[in-house]
Amino acid sequence: MKKIITVDGPAGSGKEKISKYIAKTYNLIHIDSGLLYRKLAYVLEKNKIKAAEKQKIKAFIKNIKKLSINKNSSLRREKIGNYASVIAKYEFVRNYINLQQRLITKTNSKKDGFVIDGRDIGSVVFKKAFIKLYIDVDVKIRAKRRYKQLIDNGEKSIYRQILEDIKLRDQQDKNRNNSPLVIPKGAVIIDNSKVFTNTISQIKYVIERAN
Ligand code: CDP
């Protein structure tokens with residue numbers, strides 16, 4: 001069995017940057033589960049299906065065996081993130097995305113394992129992971145970072161709106177019935193509110209102690 005490290009946390013907590021760092025440093029493949037939700041949201045939206053049209057979504061995904069993980073910059077748009085957060089509430093969507101993740105971890109590779117980030121990876125999808133991390137950052141810091149990221153990507157944004165969006169996303173992610181965002185059992189909490197070198201030293205300590 002290959003090594004699995006899970007990285008969970010709320011919107012804009014820096015899971016992606018952290019996971020990329022872990023993947024590169026410890027020779028692992030990075031799977032961004034949020035990107036899979038975003039990809040599905042993007043494809044549905046392109047097909048003019050609304051996030052509330054559950055039955056249409058159900059019928060649609062029956063015909064997509066494997067979701068392509070090719071990235072495009074539209075996936076990072078705020079609108080797609082909000083759409084993804086709505087469909088992520090549906091149990092059949094979560095089962096579908098979880099299956100996609102398991103399919104990826106079954107593919108052969110020369111790497112030593114996987115680092116997977118999301119909301120429910122350590123609590124539901126890979127409960128037996130080698131190491132579980134939970135990334136914690138105050139909501140205002142997350143909103144500031146997200147705002148800067150969107151501006152840098154050329155998307156017009158208003159800070160107050162981004163803060164509201166993130167709060168709403170937190171509420172949706174934490175209060176849904178299916179796989180809500182929680183601190184997984186056995187997870188180590190990483191504080192990512194300071195400089196990245198500080199985050200790295202916390203992570204190094206956890207991973208190298210476990211190895
Ligand atoms: O970039 P951000 O952290 O805002 O979100 P993301 O990780 O790209 O995920 C987009 C949305 O998908 C999130 O707001 C969650 O609602 C949902 N998601 C989820 O429910 N479970 C996951 N494992 C990953 C994402």
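Positions are given from 1, in the same order as the sequence printed here. Start at 1 and go down the list; that is how both ligands and their atoms are numbered.
Closest to atom 15 (C) of ligand 1 among all protein heavy atoms lies Asp173 OD1, 3.4 Å. Protein heavy atom closest to atom 8 (O) of ligand 1, with residue, atom name and distance, is Arg38 NE, 2.6 Å. The protein non-hydrogen atom at the shortest distance from atom 24 (C) of ligand 1 is Ser33 OG, 3.4 Å. Looking from atom 11 (C) of ligand 1 to the surrounding protein, the closest heavy atom is Ala84 CB, 3.9 Å. In this structure, atom 9 (O) of ligand 1 lies nearest to the protein heavy atom Gly34 CA, 3.5 Å. Of the protein's heavy atoms, Arg146 NH2, 3.5 Å lies nearest to atom 2 (P) of ligand 1.
Not one N or O on the side chain of Ser13 forms a donor-acceptor pair closer than 3.5 Å with the backbone of Val137.
Contacts between Gln172 and ligand 1, counted as non-hydrogen atom pairs separated by less than 4.0 Å, are absent for every part of the residue.
A cation-pi arrangement is found for Arg102 relative to Phe126, the charged atom lying closer than 6.0 Å to the ring centre and inside a 45° cone about the ring normal.
Annotation: the span from Lys3 atom NZ to Asn27 atom CG amounts to 9.5 Å, rounded to 0.5 Å. Distance check, rounded to the nearest 0.5 Å: CD of Glu16 to CG of Asp32 gives 5.0 Å. Rounded to the nearest 0.5 angstrom, Arg77 CZ and Asn82 CG are separated by 11.0 Å.
At least one heavy atom of Arg94 sits less than 4.0 Å from an atom of ligand 1. Contact analysis leaves Lys89 out of contact with ligand 1, as no non-hydrogen atom separation drops below 4.0 angstrom.
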- Query: What's the verdict on side chain to side chain contact (heavy atoms under 4.5 Å, CB included) for Tyr134 and Leu181, showing C-alpha distance, side-chain angles and the deciding distance?
  - Reply: CA-CA 10 Å; Tyr134 183 88; Leu181 171 67; 3.9 Å; yes

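In terms of N/O distances under 3.5 Å, ligand 1 is approached by Gly12.
Taking every heavy atom of Arg169 and a limit of under 4.0 angstrom, the matching atoms of ligand 1 come to 2 (P), 4 (O), 5 (O), 14 (O).
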